[in-house]
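To start, the structure itself, in structure tokens.
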Amino acid sequence: MEVTHQPYRTVPLDSKTSTRLLTLHYGSGEDAIKCSLTTVDLEKKPRYNALSYCWGSPDNAKQLLLDEHFVDVRENLWSALWHLRLPHDNRILWVDALCINQSDFLERNHQVGLMSTIYSKAVEVIVWLGPASEDSDVGMKWLERIHRDKSPTPEESQAVTKLCEREYWDRMWVLQEFGLADDMTVHCGSKCVCWTAFAVFCTWIDQTYISKTFYTAVHSVIDYRINQLRGMLYNNTLLALLAAFNDRKCVDPRDTVFALLGMASDCRNLDPQQSALIADYSQTLFSVYMNV
């Protein structure tokens, strides 16, 4: 992700509960993607949607306009914004790669510490599985009617299985983003469905149809969200979460711990001045694990 400091100089974060929101300006077709940033205080309950997605490969970066500055973003994010923008109205989003100055370690530490609040307070979390593939529309269309049609054709079943095998599902950060959302839709290309469609699919899909790795990954995300909604996870400690989800993927291995802090019952309301258990990217991996 190549975003210079320049776009952030006019939108500083001026309180402990401040974050930035991204205005995705309206457009369509070949129009350039244009965005702008504003600073908000989360305590004032701003209305926004939060994007949950996989950063993806740094290859084939694409450009967009951020506060009149051209910036490079990874292809998967560019594709998400291209599909999510509206033809006649702006859209307010929280997107980690653009709302956080990734080059500023202190800001990054602080904002990562707010992410559980950001995702839980969003009007809606938008899950982006990625651009459409050859048969993804077939799978998404069947998921739209899964509550009244539990008899997919072999083609439909295979298409949904492929959606469940996308790399989004085995990310560590997905647990927090998917699990803490108040409301959520799942998008792939131009199609979207309610998250409950995947929950229904996962209750009866035979494991023989999907690789063991992704079967486990999708089920654990869905189960975590359902148990969270039922109030069954209030006493989940950090060590318990680490033991349960140690096989999930992170680009930065320190995120194996940092991504769980907002979910762990014994890490709530920690004082950053007194606790070593906070997101701090200046720490070595050894130090992070020693502090657990």
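Side-chain polar atoms of Gln111 and Asp96 form no donor-acceptor pair below 3.5 angstrom. Side chain to side chain, Ser103 and Tyr8 fail the donor-acceptor criterion of an N or O pair below 3.5 Å. Residues Thr284 and Arg254 bring no donor and acceptor atom of their side chains to less than 3.5 Å of each other. For the residue pair Trp173 / Asp255, a side-chain donor-acceptor distance below 3.5 Å is found, with atom types taken as modelled.
Applying the ring pair (Phe, Tyr, Trp, His ring centres under 6.0 Å) test to Tyr281 and every residue at least two apart in sequence or in another chain returns Phe258. For Asp135, the salt bridge (Lys or Arg N to Asp or Glu O under 4.0 Å) test picks out Lys162, with sequence neighbours left out. Glu156 is linked by a salt bridge (Lys or Arg N to Asp or Glu O under 4.0 Å) to Arg145, counting only residues two or more places apart in sequence or in another chain. In terms of the salt bridge (Lys or Arg N to Asp or Glu O under 4.0 Å) criterion, residue partners of Arg20 (sequence neighbours excluded) are, by chain and number, Glu107. A search for side-chain contact (heavy atoms from CB on, under 4.5 Å) contacts involving Ser282 returns Asp280, not counting sequence neighbours. Remark: His83 engages Trp128 in a ring pair (Phe, Tyr, Trp, His ring centres under 6.0 Å) (not counting sequence neighbours). Checked against salt bridge (Lys or Arg N to Asp or Glu O under 4.0 Å), Arg108 has no partners two or more places apart in sequence or in another chain. Contacts of Thr10 classified as side-chain hydrogen bond (donor to acceptor under 3.5 Å, both in side chains), with partners at least two apart in sequence or in another chain: none.
With hydrogens and angles ignored, the 3.5 Å screen pairs a side-chain donor or acceptor of Tyr48 with a backbone N or O of Ile118. Side-chain atoms of His88 do not come within 3.5 Å of backbone N or O of Tyr26 as any donor-acceptor pair. Side-chain atoms of Ser57 come within 3.5 Å of backbone atoms of Asp59 as a donor-acceptor pair (strictly under, hydrogens ignored). With Arg225 contributing its side chain and Ala181 its backbone, the two residues share a donor-acceptor pair below 3.5 Å. Asn49 places no side-chain N or O within donor-acceptor distance of the main-chain N or O of Ala122, the cut-off being under 3.5 Å. Remark: side-chain polar atoms of Asn246 are paired, donor with acceptor, to backbone N or O of Ala243 under 3.5 angstrom. Checked by atom type and distance alone, the side chain of Thr256 pairs as donor or acceptor with a backbone atom of Pro253 at under 3.5 Å. A donor-acceptor pair is defined here as one N or O able to donate and one able to accept, closer than 3.5 Å; such a pair exists between the side chain of Ser18 and the backbone of Ser15. Of the possible donor and acceptor atoms, none in the side chain of Arg91 sits under 3.5 Å from a partner among the backbone N and O of Leu24. The closest donor-acceptor contact from the side chain of Asp137 to the backbone of Ala132 lies at 3.5 Å or more, if one exists at all.
Aromatic ring pairs are classed by plane angle as parallel below 30°, tilted from 30° to 60° and perpendicular above 60°; the pair Phe198 and Trp169 is tilted.
Sorted by first then second residue, the salt bridge (charged side-chain N to carboxylate O under 4.0 Å, His left out) pairs that include residues 171-192, not counting sequence neighbours, are Arg171-Glu177. Listed by first then second residue, pairs satisfying side chain to side chain donor-acceptor pair (under 3.5 Å) with a partner in residues 113-127 read Glu124-Thr185, not counting sequence neighbours. Every pair tested for salt bridge (charged side-chain N to carboxylate O under 4.0 Å, His left out) that includes a residue from residues 25-52 fails, sequence neighbours excluded, so the list is empty.
Across every non-hydrogen atom of Ala264 and Thr237, the tightest pair is CB-C, 4.1 Å. Closest approach of Pro46 and Val40 over heavy atoms only: CG-CG2, 3.9 Å.
The closest side-chain heavy-atom distance from Leu51 to Leu77 is below 4.5 Å. For the pair Leu238/Leu261, a side-chain contact is recorded, criterion being any heavy-atom separation below 4.5 Å from C-beta on. For the pair Leu129 and Tyr53, the minimum side-chain heavy-atom distance is 4.5 Å or more. Residues Val127 and His187 form no side-chain contact, since every pair of their non-hydrogen atoms from C-beta on lies 4.5 Å or further apart. Leu175 has its side chain within reach of Phe245: a pair of non-hydrogen atoms, C-beta onward, lies under 4.5 Å apart. Leu65 places none of its side-chain heavy atoms less than 4.5 Å from the side chain of Ile33. Residues Leu163 and Cys188 have side chains in contact (heavy-atom distance under 4.5 Å, counting atoms from C-beta outward).
Heavy-atom contacts from other residues, nucleotides or ligands closer than 6.0 Å to OH of Tyr289 number more than 12. For Gln63, the CD atom counts as densely surrounded, since its 6.0 Å shell holds more than 12 non-hydrogen atoms of other residues, nucleotides or ligands.
At a threshold of 4.5 Å between side-chain heavy atoms, the hydrophobic network of Ile, Leu, Val, Met, Phe, Trp and Tyr places Tyr224 and Leu239 in one connected group. Cluster membership for Leu13 and Ile100, using ILVMFWY side-chain heavy atoms within less than 4.5 angstrom, is not shared. A continuous path of Ile, Leu, Val, Met, Phe, Trp and Tyr side chains, each step under 4.5 Å between heavy atoms, connects Leu93 with Leu98, placing both in one hydrophobic cluster.
Residues Lys249 and Asp170 are paired through a salt bridge, judged by an N-O separation under 4.0 Å between the basic side chain and the carboxylate.
Under the 4.5 angstrom side-chain criterion for Ile, Leu, Val, Met, Phe, Trp and Tyr, the cluster partners of Phe286 are Met290.
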